[in-house]
*Asks:* 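Sharing a structure with you now.
To find a chain, count down the sequence lines: A is the first, B the second, and so on, and within it residues start at 1.
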There are 2 protein chains.
Amino acid sequence: MNKDVFKYSDCPVYRSMSILGTRWKPIVIYMLRDHKARFGQLHASIGTISKKVLTDTLKELEADGILFREEFKEMPPRVEYTLTHKGKTLIPIIIQLARWDNEHYEAKQVEKTA
Amino acid sequence: MNKDVFKYSDCPVYRSMSILGTRWKPIVIYMLRDHKARFGQLHASIGTISKKVLTDTLKELEADGILFREEFKEMPPRVEYTLTHKGKTLIPIIIQLARWDNEHYEAKQVEKTA
DNA sequence: CATAATGGTTACGTTTTGGTTACCACTTTA
DNA sequence: TAAAGTGGTAACCAAAACGTAACCATTATG
């Protein structure tokens with residue numbers, strides 16, 4: 001099934017999943033919650049994401065109007081990513097989701113040892 | 001990367017994505033928002049999900065404590081799925097997400113025709 | 001006897017997503 | 001001359017997610 005089937009679905013639950021429903025997107029958005037950041041900063045603060053996947057993720061979020069990319073013509077290059085209004089309005093929802101998880105989370109049980 | 005790396009992450013944003021971050025999970029949860037449903041009903045009302053994926057999705061949601069499965073020993077079989085408390089508390093968040101999408105959604109532009 | 005009905009499972013294949021490694025352009029600094 | 005620093009890209013590969021088709025058990029009904 002093609003992503004666009006969801007993207008232009010009649011149902012907003014489907015549609016919002018086409019924007020957010022991958023491993024990294026909510027995390028990248030959350031990282032930008034209160035300040036812009038450069039590519040390298042995002043890469044470092046997320047830690048385990050690869051450059052390629054970060055690039056792809058940022059491009060898709062830009063295409064979906066969640067953030068914008070500002071490129072400075074300097075050397076070495078500098079690029080800053082900032083949430084749009086649409087992106088910022090997502091922050092409270094992501095925070096609620098995190099709070100929901102925290103309230104219901106039970107840490108992994110330690111396995112029985114011999 | 002293994003799912004469990006996310007599932008037991010320190011960050012609740014990561015963790016909640018390990019529960020919800022697939023195409024169908026929020027949709028299945030939303031379908032159960034105000035009443036239990038049988039397997040066949042879910043399959044029919046979602047429409048485009050395959051039986052296998054619905055089965056997998058329901059199993060994972062059960063394992064994550066979002067819903068429970070009640071099996072009646074009848075013939076032909078009957079199975080009912082119901083949200084747990086944990087699952088129900090997710091509904092307002094999913095609804096907010098849907099509302100967020102609706103507020104920012106712009107329907108697909110019609111392509112220029114010759 | 002054949003078919004329908006329910007809630008799956010199994011085997012298999014495809015698509016989507018994520019990851020690795022090497023490499024690039026350009027300038028500054030050592 | 002060589003390396004460092006930035007924000008990537010390209011080719012390729014692995015894993016996760018999703019999909020299809022056929023099949024199963026059991027009972028009731030025609």
*Asks:* Expressed as a whole number of angstroms, how long is the span from B:Lys36:NZ to C:dG7:P?
*Replies:*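 My rounded result for the distance is 13 Å.
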*Asks:* Which value, rounded to the nearest 0.5 Å, describes the distance between A:Glu80 atom CD and A:His35 atom NE2?
*Replies:* 12.0 Å
*Asks:* Pick the nucleotide of DNA chain C nearest each of A:Thr22 and A:Pro76; which residue has the one closer to the 5' end?
*Replies:* A:Thr22
*Asks:* Closest approach to the side chain of B:Tyr81, judged atom by atom: which nucleotide of C:dG8, D:dG7, D:dC18 is it?
*Replies:* C:dG8
*Asks:* Starting from P on D:dG7, measure out to CD on A:Gln41 and report it in whole angstrom.
*Replies:*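 Those two atoms, CD and P, are 8 Å apart.
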*Asks:* As a test of reading the structure: which of D:dG5, D:dG19, D:dT9 is closest to the side chain of B:Ser50, going by heavy atoms?
*Replies:*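 It is D:dG19.
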*Asks:* Mind calculating the distance between CG (A:Asp56) and P (D:dA10) to the nearest angstrom?
*Replies:*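 For the pair A:Asp56 CG and D:dA10 P, the rounded distance is 11 Å.
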*Asks:* Nearest whole angstrom, please: distance from the C1' of C:dT17 to the CD1 of A:Ile27.
*Replies:* 14 Å
*Asks:* For C:dT6, does OP1 or OP2 lie under 4.0 Å from any side-chain N or O of B:Lys73?
*Replies:*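 Negative; the distance criterion is not met.
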*Asks:* Out of D:dG8, D:dG5, C:dG8, which nucleotide sits closest to the side chain of B:Thr55?
*Replies:*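 Out of D:dG8, D:dG5, C:dG8, the nucleotide with an atom closest to B:Thr55's side chain is C:dG8.
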*Asks:* From D:dG7, C:dG19, C:dT10, pick the nucleotide closest to the side chain of B:Lys52?
*Replies:*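 Among D:dG7, C:dG19, C:dT10, the one nearest the side chain of B:Lys52 is C:dT10.
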*Asks:* Could you tell me the separation between the CZ atom of B:Arg33 and the CD1 atom of B:Ile95, rounded to the nearest 0.5 Å?
*Replies:*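 Going from CZ on B:Arg33 over to CD1 on B:Ile95, the span is 7.0 Å.
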*Asks:* Round to a whole Å and report the spacing from NZ of A:Lys25 to P of C:dT17.
*Replies:* 7 Å
*Asks:* Taking NZ from A:Lys51 and P from D:dA10, how many angstroms apart are they, rounded to a whole number?
*Replies:*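 So the two atoms are 14 Å apart, to the nearest Å.
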*Asks:* From C-beta outward on B:Val79, which listed nucleotide comes closest to its side chain: C:dT9, C:dG8, C:dT6?
*Replies:* C:dG8
*Asks:* Check the phosphate of D:dG7 against A:Arg38, side-chain N and O only, distance under 4.0 Å to OP1 or OP2. Yes or no?
*Replies:*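 Answer is yes, contact under 4.0 Å.
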*Asks:* In this structure, how many angstroms lie between the P atom of C:dT9 and the CG atom of B:Leu58, rounded?
*Replies:* 10 Å
*Asks:* Between B:Arg69 and C:dG8, is there a contact of a side-chain N or O with OP1 or OP2 at under 4.0 Å?
*Replies:* yes
*Asks:* Calculate the interatomic distance between B:Glu71 atom CD and C:dT6 atom P; express it in whole Å.
*Replies:*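 For the pair B:Glu71 CD and C:dT6 P, the rounded distance is 16 Å.
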*Asks:* Applying the side-chain contact (heavy atoms from CB on, under 4.5 Å) criterion to A:Thr57, which one of A:Val28, A:Ile46, A:Thr22, A:Ile27 satisfies it?
*Replies:* A:Val28
*Asks:* Does either side chain, that of A:Thr89 or that of B:Trp100, offer a donor lying less than 3.5 Å from an acceptor on the other one?
*Replies:*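 Side chains of A:Thr89 and B:Trp100: pair found under 3.5 Å.
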*Asks:* Below 4.0 angstrom from OP1 or OP2 of D:dA16, is there any side-chain N or O of B:Trp24?
*Replies:*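 Answer no for this pair, as no side-chain N or O of B:Trp24 is under 4.0 Å from OP1 or OP2.
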*Asks:* Test side-chain contact (heavy atoms from CB on, under 4.5 Å) on B:Leu90 and B:Leu83 and set out the steps.
*Replies:* CA-CA 10 Å; B:Leu90 214 38; B:Leu83 291 184; over 6 Å; no
*Asks:* Could you please name the option among D:dT27, D:dT9, C:dT6 that lies closest to any side-chain atom of A:Lys59?
*Replies:*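 Per side-chain heavy atoms of A:Lys59, the pick is D:dT9.
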